[in-house]
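What follows is one structure encoded as structure tokens, with my remarks underneath.
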Amino acid sequence: MSSVRVRFAPSPTGELHVGGARTALFNWLFARKHKGVFILRFEDTDIERNRPELIEPIIESLRWLGLLWDEGPYFQSQRFSLYREWAERLLNEGKAYKCYCTPEELEQKRQRALAAKQKPLYDRRCRALSPQDEEKFMREGRQPALRLKIPESGTIIVNDAIRGQVEFDLAELDDFIILRSDGRPTYNFAVVVDDITMGITHVIRADEHLNNTPKQMLIYQAFGHPVPVFAHVPMVLAKDRSKLSKRHGATAVFEFRDRGILPEALVNYLARLGWSYGDQEIFSREELIEKFSLEAIHPSAAIFDEEKLLWVNQHHLKTSDPKRLGELVRPFLVKLGILSEAEAHAVPSEKLVQMVVLFRERARTLAELAEPARYLFTDNFSHDPEAVQKFLTPEKIPLLEGLAGALAAVEPFTATEIERATRAYLDSQGKTLKEIAQPCRVALTGRTTGAGLFETMELIGRERVIARLRRASLAQQPQASL
RNA sequence: GUCCCCAUCGACUAGCGGUCUAGGUCACGGCCCUUUCAAGGCCGAAACGGGGGUUCGAAUCCCCCUGGGGACGCCA
């Protein structure tokens, strides 16, 4: 069995978005599954649109997702001489020819064809240029581009692992340019030269390239090289079924990272988007590798659903190591303006672990998980006026103050002991927990929702609990804050 | 305009000719649990785009239509 070699080949014209990330993921999974090689290659032949500053973020996104490559990154911009060499080979063998038409002339014809509702195809006028014509063009100082000489009729069949056989009529294609007049290769040519020289066995890429495939196959044919296996994965669409773009909100991998999505959750969700394994929804990285197959990729485009991502994220939040989550939450303490850099750094990791364990079931993101820190680790939080209005009623205040007294003596100040003392105090007052739980919660946290009351108290700590209970009445006043 | 791809609940999907009164998951609604919110459990509403064939039998195979998407550059 020849070993599998696949590649992810982004062009640095934008951030890595979820669609690209999924393509990378499928390549990576396929490589891991077959103990093959995953190659990273930047397709940066377009000097004008290229943004070198985007290369690092793309790399960083892949690293964050855990999609590590085995080879590369390669840069097409550093391989221009190679493409030129390969193109000249084709020229010498008569499989390519020089075209002296100027971009302006071609663009004009193209527009005319489009206006006449015709398919714009090159008219092959330079295919049989006389030596005199050629000399004339050269005297004019025109630099020729190189075009591939393709058969004028017949069909070409793409054998796709996901879509089966797709037939293209060669009459739909033209002698396309492989080398620009300035000596740079065009996309289709560079891709094929790279895929051949890098020994790529499986080309797993987005659906939008299916139409390029016959062209690329013609280049393979010109070089007398067997074609790899093609697998065109469906697109990821936005809610309105259009191509995912900035106006649809979060699309970049980084945006999800910054909102507190776990990389394994994004990977899990992206894998399930267009791919499935029976009824299973939650997968670890290892399970994905084990169970992934190209054949199980659903052929139709899929809509990116943030709600489900959040659900998957919550699932991973619930099962991930609390220690790790604690450290992942730490930066959010600063980002959410809860603590200063120094304060966040000073929070003992045990405290963070306790918070994580206590709140992970009700958090869908790391950001949500960090939120309770506001009242757990600082006094800098506000009371929800509605909650105060509803629960911190005058008749509850003495009860809370009494409870504060009862808690002063609790030793150690743990959830179990706090509960014992609280219940004892309530018994003595002939009250039930239900009567005081919410008022107590509002006094302590400023809100009506949260984790178990006694665990929360333990985490807040004796001093603060007592102080907040004693000052519960102050929260009554408008704008009051403890 | 031409070419290509796609088509099951609102969303992701299972289904690969009979086991489908179409299953699971998210979201939605209800109930239970409960100190709140979650989580969890139970229940519910919700789909084979339309029309022709093929077949004893079609969500599954074929054709047409419709709808959606993509491509048609000296962009990638």
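Only this structure's heavy atoms are used, side chains among them; waters, hydrogens and symmetry mates stay out. Reminder, nothing fancy here: chain letters follow the sequence lines and each chain counts from 1.
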Can you tabulate the close N/O pairs, meaning under 3.5 Å, that link protein atoms to atoms of nucleotides 43-47 of chain B?
none

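- Distance CG (A:Asp195) to P (B:rA76): 15 Å, rounded to an integer number of Å.
- Here the closest heavy-atom approach between residue A:Pro120 and residue A:Arg110 is recorded as CB-CG, 3.6 Å.
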Pairs under 3.5 angstrom, nitrogen or oxygen only, protein versus nucleotides 58-67 of chain B, please.
none

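- Side-chain polar atoms of A:Tyr269 and A:Asp305 form no donor-acceptor pair below 3.5 angstrom.
- The gap from the C1' atom of B:rG50 to that of B:rU25 amounts to 29 Å, rounded to the nearest Å.
- Side-chain polar atoms of A:Arg79 and A:Thr197 form a donor-acceptor pair below 3.5 angstrom.
- If you take atom C1' in B:rG10 and the same atom in B:rA47, they sit 10 Å apart, rounded to whole Å.
- By the side chain to side chain contact (heavy atoms under 4.5 Å, CB included) test, A:Glu105 is found to be paired with A:Cys101, A:Thr102, A:Arg142, residues two or more places apart in sequence or in another chain being considered.
- A:Thr13 has no side-chain polar atom (N or O) that falls below the 4.0 Å cut-off from OP1 or OP2 of B:rA76.
- Here B:rU13 presents its C1' atom at 14 Å from CD1 of A:Ile282, a figure rounded to the nearest Å.
- Checking A:Gln76 against A:Asp44 by side-chain atom types alone, no donor-acceptor pair falls below 3.5 Å.
- A search for ring-ring contact (aromatic ring centres under 6.0 Å, His included) contacts involving A:Trp311 returns A:His315, not counting sequence neighbours.
- Across all strands shown, A:Thr432 has no heavy atoms under 4.0 Å from either base or sugar-phosphate atoms.
- Taking the side chain to side chain contact (heavy atoms under 4.5 Å, CB included) definition, one finds that A:Glu208 meets it with A:Ala206, A:Met235, A:Lys243, sequence neighbours left out.
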Working for side-chain contact (heavy atoms from CB on, under 4.5 Å), residues A:Gln429 and A:Ile436: CA-CA 11 Å; A:Gln429 302 297 309; A:Ile436 202 179; over 6 Å; no

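- The ring-ring contact (aromatic ring centres under 6.0 Å, His included) search around A:Phe359 returns none, not counting sequence neighbours.
- Under the side chain to side chain donor-acceptor pair (under 3.5 Å) criterion, A:Asp133 pairs with A:Ser130, sequence neighbours left out.
- Counting non-hydrogen atoms under 4.0 angstrom, A:Phe176 reaches nothing in the nucleic acid.
- Of the residues A:Asn50, A:Leu54, A:Ile59, the one that meets the side chain to side chain contact (heavy atoms under 4.5 Å, CB included) test with A:Phe42 is A:Ile59.
- The ring-ring contact (aromatic ring centres under 6.0 Å, His included) analysis of residues 158-187 of chain A, with sequence neighbours excluded, yields the pairs A:Tyr187-A:His209.
- In this structure, A:Glu435 reaches neither bases nor backbone, as no heavy-atom distance under 4.0 Å exists between it and the strands shown.
- As judged by a 4.0 angstrom heavy-atom cut-off over every strand, A:Leu106 is placed among the base-contacting residues.
- In this structure, B:rA71 forms a base pair with B:rU2, meeting either the Watson-Crick or the G-U wobble geometry with both donor-acceptor distances under 3.5 Å.
- With both pairing distances under 3.5 Å, B:rC61 is matched to B:rG53 as a Watson-Crick or G-U wobble pair.
- Across every strand in view, B:rC9 sits unpaired, with no contact that passes the Watson-Crick or G-U test at under 3.5 angstrom.
- With B:rC74, B:rA7, B:rC4 as the candidates, the nucleotide lying closest to the side chain of A:Pro299 is B:rA7.
- Among residues two or more places apart in sequence or in another chain, the side chain to side chain contact (heavy atoms under 4.5 Å, CB included) test is passed with A:Glu53 by A:Arg51.
- When the P atom is used for both B:rG52 and B:rA14, the distance is 28 Å, rounded to whole Å.
- Among the atoms of the strands shown, none is found under 4.0 Å from any heavy atom of A:Cys99.
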Might you work through the side-chain contact (heavy atoms from CB on, under 4.5 Å) test for A:Leu146 and A:Lys98, ending with a clear yes or no? CA-CA 5 Å; A:Leu146 242 47; A:Lys98 292 178 180 172; 3.8 Å; yes

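- Remark: A:Glu435 pairs with A:Lys396, A:Lys431, A:Thr432 by the side chain to side chain contact (heavy atoms under 4.5 Å, CB included) rule, at least two apart or across chains.
- Nucleic acid contact class of A:Ser181 (heavy atoms, under 4.0 Å, all strands): base.
- Whole-Å rounding puts the A:Phe304 CZ to B:rG10 C1' distance at 17 Å.
- In this structure, the OH atom of A:Tyr83 is 16 Å from the C1' atom of B:rC74, given to the nearest Å.
- A donor atom on one side chain and an acceptor atom on the other are not found under 3.5 Å apart for A:Glu104 and A:Gln108.
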For nucleotides 24-36 of chain B, give me one character per nucleotide, 5' to 3': B if any protein heavy atom sits under 4.0 Å from the base, S if the only such contacts are to the sugar-phosphate, - if neither. BBSS-------BB

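- Separation of the C1' atoms belonging to B:rC33 and B:rC42 is 11 Å when rounded to the nearest angstrom.
- Rounded to an integer number of Å, the gap from OH of A:Tyr269 to P of B:rC12 is 8 Å.
- Annotation: B:rC63 and B:rA58 have their C1' atoms spaced 15 Å apart (nearest Å).
- Using P as the reference atom, B:rG44 and B:rU2 are 50 Å apart when rounded to the nearest Å.
- In this structure, CG of A:Leu369 is placed 14 Å from C1' of B:rA39, rounded to the nearest angstrom.
- Whole-Å rounding puts the A:Tyr74 OH to B:rA76 C1' distance at 21 Å.
- Atom CG in A:Asp194 sits about 13 Å away from atom C1' in B:rA76, given to the nearest Å.
- For the P atom pair drawn from B:rG24 and B:rC43, the interatomic distance equals 10 Å after rounding to whole Å.
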Sort me out a list of protein N/O and nucleotides 69-73 of chain B N/O pairs below 3.5 Å, or just none if empty.
{"residue": "B:rG70", "atom": "N2", "partner": "A:Asn211", "partner atom": "ND2", "Å": "3.1"}
{"residue": "B:rA71", "atom": "O4'", "partner": "A:Asn211", "partner atom": "ND2", "Å": "3.4"}
{"residue": "B:rG73", "atom": "OP1", "partner": "A:Arg110", "partner atom": "NE", "Å": "2.7"}
{"residue": "B:rG73", "atom": "OP1", "partner": "A:Arg110", "partner atom": "NH2", "Å": "3.4"}
{"residue": "B:rG73", "atom": "OP2", "partner": "A:Pro120", "partner atom": "O", "Å": "3.1"}

